[in-house]
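Below, read A as the first sequence line, B as the second, and so on, with proteins coming before strands; counting in each chain starts at 1. Predicted model only: the values in this text are computed from it and were never measured.
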Protein chains: 2
Amino acid sequence: MSVNDRKMKVLQAIVDDYVTTNEPVGSKSLIERHNFPVSSATLRNDMAELERMGLIEKPHTSAGRIPSDRGYREYVDSLMTLDSLSDEERIEISGRIDESVGEVRDLLKNASAALSETTGYVSLVMTPKLAGSSLLQLKILMIEPGKALVVMVLSAGVVKDKVVRIPNFLTPDQLKEISDSVEKSLNGKPLDEITLVTLATSVKETRIPDSLLNQVLYETYTAIKQADRLDVYLDGEHNMLKLPDFSELSRARDLLGTLSHDGMVAGYVNEIEKESQGSDTYMIRIGQEIALEGLEDCSFITTTYKVGDSISGNIGVIGPKRMDYSKVISQIDFVRYKLNDVIKKLNS
Amino acid sequence: MSVNDRKMKVLQAIVDDYVTTNEPVGSKSLIERHNFPVSSATLRNDMAELERMGLIEKPHTSAGRIPSDRGYREYVDSLMTLDSLSDEERIEISGRIDESVGEVRDLLKNASAALSETTGYVSLVMTPKLAGSSLLQLKILMIEPGKALVVMVLSAGVVKDKVVRIPNFLTPDQLKEISDSVEKSLNGKPLDEITLVTLATSVKETRIPDSLLNQVLYETYTAIKQADRLDVYLDGEHNMLKLPDFSELSRARDLLGTLSHDGMVAGYVNEIEKESQGSDTYMIRIGQEIALEGLEDCSFITTTYKVGDSISGNIGVIGPKRMDYSKVISQIDFVRYKLNDVIKKLNS
DNA sequence: AATTAGCACTCTTACTCTTCGAGTGCCAAA
DNA sequence: TTTGGCACTCGAAGAGTAAGAGTGCTAATT
């Protein structure tokens, strides 16, 4: 084993130990726990070298070493060995997700709950990004005078709807006329290409007064725009309070404060997804790499789940930097697998 | 002023001071801050008496006094003077709630956000209890072969719907036949009186094979049952970490742990609502009175908002026992007023 | 050149001791 | 019933100390 190889083994051992014990690891305990065929003095030299390389650091002069952000990065990129889930965990997760009755919302919520529970960290599940999907059907149904339901069927079988207000004296027949011509002209159009103008030009020959028509079209438009809204299901925030990493109240406060703005988190996920487009399946951000206040001591692992061919949503975990990356990744992976599976069945 | 009156004034002053300073209040500072026309020694006697009565207590021998749960109770029931909201607060809350676009879900979420933000505590908004409301309309619409949308219009104008699966080869005409007869027989029925049997007997003369029919009826049934599900919007949990009352991590952990089970909280609200049925508009639980783990140092104030005549939902705040009750109550009151208002407009 | 033993040095953590002061209870006088 | 006075209690805060884990460096060894 070359000297360089050993240094990497040392880094790996430091990460592993620190992750489990949450204590800065010193040369002596390193020897004890792992069987390096060298003395502690040699490890001290190696560690000094690793520190020069910026992979580990000391909290203070006379303490052991902890991995730096770059150290974790090296670990995640090159040193980590992926392991697989235990059967109990699979069963636990499967159970949680299978118990969702019907609604996609429940499904995603349950997936998030399952993920936060098995990891013991914060989980994140976002609704699928529908902006790119297209409109297969659109129906406007009269509920009662003045009130209608806009029902949209999107590609990949997603159904969205919204109650809208319409002029009181609009008759069901008139509404049907509008509905039919709107559907005809929008059929197959990607959601993000639909504008108020598209809608307005879609209904041409009609005896319905413009003012009435416009109100209906406007409401329909808002319904369409609202359909592709991203919802975020964060779960397990309170888990963070159990971690020694956040035993300082101020850290916990900052973290939970930021997490409570789920829009911010969602925005960030979209951002990093854009950046790392097409590269790895898993997007891992470590410590300072995360551009969110209060998450400096966290790592953020996200990936995507699929709804049909072109539509996907995000799923991920926010935990302490000091986490068992390999385990968490396999946990996310299984949840994602189950999610894909259940959604496929749901839509088939 | 009789001696007894003064004792109550003293209690009031102690609560007021303790709420603002979070320090046990002693006889001397009491004299300084309020102008009692007596000496500190007299107050000491009064305080000893109040302690004998179980209204205040000492954290330790040589400290000032803090209100006991019973002390807070006395304060809330008899001593508190209600004050009203500042204009800024009204505007702030109004803005937050008015910005909700259309969906009831958004409205309730925003109301909850507004409430947690203005109080600085945890807010709770529950969806209206629909169990008692009745079914005005029910339509089952074919979306595509094998998939249908069940749309329900309930009393008070609430619209609920759910995508359900139906047999693949069921034709739109057959579905319409089922839909029409179901609607006819269920029209006006309270939700909680509808059972699978009711449904089954509603469709009698038909040429549709039983097996197909039953699947549709069963799915419709689950859609109806799901309609009256209670959702809970808790917000501002992280606010509790800012309070000195929860600077002990373990308390904060227990509290947030319990709050994360929003089903538990919802269940508790339903329970206390049942108990205090018909009494006050506001239900206030203080400290140990709250039968939820981790909320021993909290108070829980709830009230109801209205959707139409007979339907109502719950809204409330969970904060530290040591809160400005009068202020929080007026804040809840205003949010509730706005909520009632917006909902009325939405349904009109 | 790489490894090792040894040793002086550093820095945190935990504990003890002390002091300070706010607050109390109670007594005797008004 | 109220008040001044006083001894007493107890927590909070600060200082000092000892223990221990870990380091870096030097000189010897392989």
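Taking atom CG on Asp17(A) and atom P on dG22(D), their separation rounds to 11 Å, with Å as the unit. Distance, Glu57(A) CD to dG24(D) C1': 18 Å, rounded to whole Å. Computed from coordinates, the Arg65(B) CZ to dT9(D) C1' distance equals 13 Å when rounded to whole Å. Atom CD1 of Ile66(A) and atom P of dG22(D) are 14 Å apart (whole Å). Following rounding to the nearest Å, Glu23(B) (CD) and dG21(C) (P) show an atom-to-atom distance of 16 Å. Atom C1' of nucleotide dT3(D) and atom CZ of Phe36(B) are separated by 17 Å, given to the nearest angstrom. The distance from atom CZ of Arg33(B) to atom C1' of dA22(C) is 13 Å, rounded to the nearest whole Å. Put simply, CE on Met47(B) is 9 Å from C1' on dG23(C), counting in whole angstrom units.
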Restricting to nitrogen or oxygen on both sides, can you table the protein-nucleotides 8-12 of chain C pairs closer than 3.5 Å?
from	atom 1	to	atom 2	distance (Å)
dT10(C)	O2	Ser62(A)	OG	3.2
dC11(C)	OP1	Thr61(A)	OG1	3.3
dC11(C)	O4'	Ser62(A)	OG	3.0
dC11(C)	O2	Ser62(A)	OG	3.0

Check nucleotides 1-4 of chain C for protein N or O atoms closer than 3.5 Å to its own N or O atoms and list the pairs.
from	atom 1	to	atom 2	distance (Å)
dT3(C)	OP1	Arg6(A)	NH1	2.9
dT3(C)	OP2	Arg6(A)	NH2	3.2
dT4(C)	OP2	Ser39(A)	N	2.6
dT4(C)	OP2	Ser39(A)	OG	3.3
dT4(C)	OP2	Thr42(A)	OG1	2.4
dT4(C)	O5'	Ser39(A)	OG	3.3

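One finds a side-chain N or O of Lys58(A) lying less than 4.0 angstrom from the OP1 or OP2 phosphate oxygen of dG24(D). At dG20(D), none of the side-chain N or O atoms of Lys28(A) fall inside 4.0 Å of OP1 or OP2 (strictly under the cut-off).
Asp262(A) and Tyr233(A) share no side-chain donor-acceptor pair at under 3.5 Å.
Under the side chain to side chain donor-acceptor pair (under 3.5 Å) test applied with Arg322(B), the options Thr21(B), Asn22(B), Thr20(B) reduce to a single match, Asn22(B).
Between the side chain of Ser40(B) and the backbone N or O of Lys28(B) there is no donor-acceptor pair closer than 3.5 Å. Without hydrogens or angle criteria, Asn239(B) side chain to Ser116(B) main chain gives a donor-acceptor distance under 3.5 Å.
Both tests do not hold together for Arg6(B) against Phe36(B): distance to the six-membered ring centre under 6.0 Å, angle to the ring axis within 45°.
In Lys7(A), the NZ atom is crowded: over 12 heavy atoms of neighbouring residues, nucleotides or ligands sit closer than 6.0 Å.
By the 4.0 Å N-to-carboxylate-O rule, Lys327(B) lies too far from Asp83(B) to be salt-bridged with it. Note on Lys321(B) versus Glu296(B): no salt bridge recorded, every NZ/NE/NH1/NH2 to OD/OE distance being 4.0 Å or above.
Here the CE-CG distance, from Met323(A) to Leu243(A), works out to 9.5 Å after rounding to the nearest 0.5 Å.
For Arg44(A), whose side chain is taken as the heavy atoms from C-beta onward, the closest listed nucleotide among dG6(C), dG23(C), dC26(C) is dG6(C).
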